[in-house]
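Worksheet: one structure, shown below.
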Amino acid sequence: MTITKEKIYHHLTMTSRSFAAVIQDLDEELKDPICLFYLILRGLDTIEDDMSIDLDIKIPYLKKFHEIIYQKGWNFTKNGPNEKDRQLLVEFDTVIDAFLCLKPAYQTIIADITKQMGDGMAHYATAGINVETNADYDEYCHYVAGLVGLGLSEMFSACGFESPMVAKRKDLSNSMGLFLQKTNIARDFLEDLRDKRFFWPKEIWGRYADRMEDLIKPENQAKALHCLDHMVFNAMSHIKDVLEYLSMIKNQSCFKFCAIPQVMAIATLTLVHNNYKIYTHENIKIRKGETVWLMKEAVDIDTVAAIFRYYARLLNNKTNPLDPHFIDIGVLCGEIEQVCVERYPNSTEQLARLNAGVLGGSTGSTLAAAAVVAGAVAFSSTFA
Ligand code: D9A
């Protein structure tokens, strides 16, 4: 048994860097179930992702994955040699052994979400990922990310750490996934374009270009930035739900587990906003020091609300006044500020502390201060 466990956490650290540490900080009751949920979803993803596997082979695996996780000894060697998490599937029998040791209640939640996600992926693999409208975009993100939020919420409520209301508010759980996924989709435009994966909805990019590929042409720079800011605006629509979800989470380890990815997302979205590098460079990431600062601060709802206010202000200041969504983004940022002041009044005091720390460099976050400078530079360049 302990041998299986070592293997599991080895796979976890191999597949994700910072998120592995966040999972390992969870209370004992949820650590293994959530680690295995993560690895199983990662396995499913690794089959879906691999364009070297023929569809007639791939689709049955996607549809049956929720049964495969109960089959002792199963593994998968059909991934191409360059697939990043190939080894996880080669040794998937170790994941299955550990999954079968979980309490049945957790097994059921994981299998149920895996079934729904596998069906969704099979559908998009067959029909092609054709994201026309904003509703299509929300639907796609629901299958690949919103369902994860739903499953985790069910686990939180099932173990009694959180109220049954957390599992009941599926709308809010869904938004937790959509905010993360949409931030990544905005950030990863170039990488996804290179891999011929088109996630941006035509309802948005169609206003700025005839073909999505045209966005990277230098002569279309202004339109491309307007389009990017529209994608940022679309992602921001989930922030109020995210804050409401986080305000329901009472268990300290669950709170940090949920809050850290969300504060990383708002920091990333702020970096992406009005940033032409999205179209010229892959791997746009927030600085390591900023990540460390966020992981340290995201401890309670008042501080998290302060972090959202902090980034909403930075983000708002980065909008080009000539951008078609200048006012829309301003209104959303104002609403975030308003909701926080109303529901989390102590966030004002936390915000003052964060600002003092960043400017004084006293939180050991000189890199966060650098982010302020970068924001100011980006702001001034909007007028250049
Ligand atoms: C999550 Cl079990 C994810 N996804 C994430 C990571 O956070 C969410 C995949 C599997 C699981 C959980 C997550 C965390 C906490 C609460 C959540 C939640 O809902 C209530 O999911 C919504 O991104 C992937 C999806 C977005 C598709 C769901 C965070 C993560 N961060 C990466 C950072 C990066 O740059 O990708 O994985 C990392 O640290 O490697």
Side-chain angles (χ1 to χ4, degrees), residues 8 11-26 30-46 48-49 84-85 88 95 99 106 109-110 113-114 116-117 120-121 140-157 161-162 166-167 169-188 191-192 199 235 238 241-249 251 253-269 271-272 282-288 290-292 294-295 298 304:
I8 294 313
H11 284 308
L12 183 68
T13 39
M14 292 305 286
T15 49
S16 102
R17 301 150 309 269
S18 45
F19 194 52
V22 180
I23 290 179
Q24 275 165 302
D25 275 343
L26 278 161
L30 285 176
K31 200 190 292 188
D32 293 349
I34 290 181
C35 174
L36 288 160
F37 189 29
Y38 183 85
L39 292 175
I40 286 166
L41 296 173
R42 200 66 183 229
L44 181 65
D45 214 47
T46 303
E48 184 237 24
D49 235 38
K84 190 178 144 283
D85 295 318
L88 171 66
V95 175
F99 171 75
Y106 296 127
I109 294 167
I110 293 173
I113 297 296
T114 304
Q116 293 183 59
M117 193 183 290
M121 285 174 167
Y140 173 76
C141 291
H142 166 75
Y143 281 112
V144 299
L147 283 172
V148 180
L150 265 65
L152 289 167
S153 297
E154 280 182 34
M155 289 190 190
F156 298 157
S157 295
F161 283 2
E162 302 299 340
V166 172
R169 290 300 303 271
K170 295 186 180 185
D171 56 329
L172 301 181
S173 302
N174 190 53
S175 290
M176 291 288 283
L178 263 60
F179 186 58
L180 300 180
Q181 187 69 15
K182 287 182 172 185
T183 298
N184 289 344
I185 287 176
R187 179 194 63 189
D188 297 337
E191 184 186 337
D192 291 334
F199 300 120
H238 303 289
D241 278 359
V242 164
L243 288 167
E244 189 175 352
Y245 180 93
L246 291 174
S247 73
M248 293 195 293
I249 303 299
N251 174 278
S253 87
C254 289
F255 184 87
K256 287 196 76 173
F257 170 73
C258 291
I260 288 170
Q262 302 296 332
V263 295
M264 305 258 288
I266 184 70
T268 301
L269 203 63
L271 178 66
V272 164
E282 292 184 17
N283 253 316
I284 303 295
K285 285 221 164 82
I286 54 173
R287 315 267 310 251
K288 178 76 184 154
E290 198 172 353
T291 301
V292 170
L294 290 167
M295 291 178 79
V304 166

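Residues: numbered from 1 along the sequence shown. Bear in mind the structure is a predicted one, so any value in this text is a computation, not a measurement. In listed order, ligands and their atoms are each counted from 1.
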Scan the protein's non-hydrogen atoms and note whether one is under 4.0 Å from atom 24 (C) of ligand 1.
no
Within a distance of under 4.0 Å, is there any protein heavy atom near atom 7 (O) of ligand 1?
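Yes, because at least one protein heavy atom sits under 4.0 Å from atom 7 (O) of ligand 1.
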About how many Å separate OG1 of T46 and CG of L88, when rounded to the nearest 0.5 Å?
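Here the rounded value is 6.0 Å.
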Could you see which bit of V144 sits under 4.0 Å from ligand 1, with heavy atoms only: side chain, backbone, both or neither?
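Answer for V144: backbone.
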Any side-chain heavy atom of [X] within less than 4.5 Å of one from [Y]?
{"X": "E244", "Y": "R169", "value": "yes"}
{"X": "F257", "Y": "I34", "value": "yes"}
{"X": "M264", "Y": "T291", "value": "yes"}

Is there a side-chain contact (heavy atoms from CB on, under 4.5 Å) between F161 and I249? Walk through the geometry before answering.
CA-CA 9 Å; F161 283 2; I249 303 299; over 6 Å; no
Closest candidate by heavy atom, reference atom 2 (Cl) of ligand 1, pool L152, D188, I249:
L152
Could you check [atom] against the protein and tell me its nearest heavy-atom contact, residue, atom and distance included?
{"atom": "atom 11 (C) of ligand 1", "answer": "V148 CG1, 3.5 Å"}
{"atom": "atom 26 (C) of ligand 1", "answer": "L180 CB, 3.7 Å"}
{"atom": "atom 40 (O) of ligand 1", "answer": "R17 NH2, 3.5 Å"}
{"atom": "atom 10 (C) of ligand 1", "answer": "Y38 CD1, 3.3 Å"}
{"atom": "atom 20 (C) of ligand 1", "answer": "Y245 OH, 3.7 Å"}
{"atom": "atom 30 (C) of ligand 1", "answer": "F19 CG, 3.7 Å"}
{"atom": "atom 35 (O) of ligand 1", "answer": "R187 NH1, 3.6 Å"}

Using the side-chain contact (heavy atoms from CB on, under 4.5 Å) rule, take D85 and M14 through it: C-alpha gap first, then chi angles, then the decisive distance, then the call.
CA-CA 8 Å; D85 295 318; M14 292 305 286; 5.9 Å; no
In ligand 1, which numbered atoms sit nearer than 4.0 Å to a non-hydrogen atom of [X]?
{"X": "G177", "value": "22 (C)"}
{"X": "Q181", "value": "26 (C), 27 (C)"}
{"X": "S18", "value": "39 (O)"}
{"X": "C258", "value": "15 (C), 16 (C)"}

Applying side-chain contact (heavy atoms from CB on, under 4.5 Å) between M295 and each of D25, I260, V263, report the one that passes.
I260
Okay, side chain of E162, backbone of N251: is any donor-acceptor separation there less than 3.5 Å?
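Side chain of E162 to backbone of N251: a pair is present.
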Using only atom types and a distance under 3.5 Å, with no angle test, would you say the side chain of S157 pairs donor to acceptor with the backbone of E154?
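Looks like no, no N/O pair under 3.5 Å.
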Quick check on M248: does its CE atom have over 12 non-hydrogen neighbours (other residues, nucleotides or ligands) under 6.0 Å away?
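Count over threshold, so yes.
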